Amino acid sequence: MDEGFFERAYNVVRQIPCGRVATYGQIAAMMGEPRKARYVGFAMHASPGVAGGVPCHRVVFADGSLAPGFAFGGPGAQRAMLEDEGVAFTPSGRVDMRRCRWEAL
DNA sequence: CTTATGACTATGA
DNA sequence: TTCATAGCCATAA
């Protein structure tokens with residue numbers, strides 16, 4: 001893996017404003033390589049976390065679901081953080097993409 | 001060259 | 001709406 005890819009991924013994720021979420025494919029697309037959504041996920045896995053300036057909790061699946069089993073803090077922690085930032089959730093436990101999906105300016 | 005794997009996505013039942 | 005499957009890219013065996 002090219003570390004530059006990680007840097008670019010973090011650089012994009014860092015731009016996600018509070019109360020918004022972005023999908024892996026969306027971030028990958030902003031990096032110029034829309035087919036590497038999986039690598040974006042890997043970058044998030046290896047991200048320094050919110051303290052490092054990378055709000056990886058704001059990165060979700062295309063359908064609004066979160067990463068099960070790999071959440072940092074424990075199950076429901078990611079959701080709790082998003083809710084705390086004002087992100088709306090559906091009764092099904094998924095992010096309300098229609099309202100909270102982040103769009104590049 | 002063929003398989004296998006993975007914080008993904010799209011499609012079909 | 002949910003679950004299952006196939007396609008996707010890069011790396012490793």
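Model, not experiment: these values are computed from the prediction.
- A/Lys36 places its NZ atom 16 Å from the P atom of B/dT9, with the value rounded to the nearest Å.
- Atom pair A/Met31:CE and C/dC9:C1' shows a separation of 13 Å (rounding to whole Å applied).
- Atom CZ of A/Phe42 and atom P of B/dC8 are 11 Å apart (whole Å).
- With hydrogens and angles ignored, the 3.5 Å screen pairs a side-chain donor or acceptor of A/Gln15 with a backbone N or O of A/Asn11.
- Taking the side chain of A/Phe70 as heavy atoms from C-beta on, and the options B/dA7, B/dT9, C/dT1, the nearest nucleotide is B/dA7.
- For the pair A/Tyr10 OH and B/dA7 C1', the interatomic distance rounds to 12 Å; values are reported in whole Å.
- For C/dC8 and B/dG12, the P atoms lie 15 Å apart once the distance is rounded to whole Å.
- Of the candidate nucleotides B/dC8, B/dA7, B/dT9, B/dA7 has the atom nearest to the side chain of A/Ala67.
- When both distances must be under 3.5 Å, the Watson-Crick or G-U wobble mate of B/dA7 does not exist.
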Using residues 68-81 of chain A as the side-chain source, report each donor-acceptor pair under 3.5 Å to any protein atom, sequence neighbours left out, with the distance given to one decimal.
from    : atom 1 : to      : atom 2 : distance (Å)
A/Gln78 : NE2    : A/His57 : O      : 3.0

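- Checked by distance alone, A/Arg35 brings no side-chain donor or acceptor within 3.5 Å of a matching partner on the base of B/dC8.
- Residue A/Arg38 contributes atom CZ, which lies 5 Å from atom C1' of B/dG6 at whole-angstrom precision.
- Residue contacts shown for A/Tyr24 include a base, since a base heavy atom lies under 4.0 Å away.
- Formation of a donor-acceptor pair under 3.5 Å by the A/Tyr10 side chain with backbone atoms of A/Ala43 is found in this model.
- Remark: of the listed residues A/Gln26, A/Glu7, A/Met31, A/Met31 is the sole one forming a side-chain contact (heavy atoms from CB on, under 4.5 Å) with A/Val12.
- A straight line from CZ of A/Phe5 to P of C/dC9 spans 13 Å, rounded to a whole angstrom.
- Computed from coordinates, the A/Phe61 CZ to B/dT11 C1' distance equals 17 Å when rounded to whole Å.
- Between the CG atom of A/Asp63 and the P atom of B/dT11 there is a distance of 13 Å, rounded to whole Å.
- For A/Arg35, the CZ atom is loosely surrounded, since the number of other residues' heavy atoms within 6.0 Å does not exceed 12.
- Going from the P atom of B/dT11 to that of C/dC9 covers 16 Å, rounded to whole Å.
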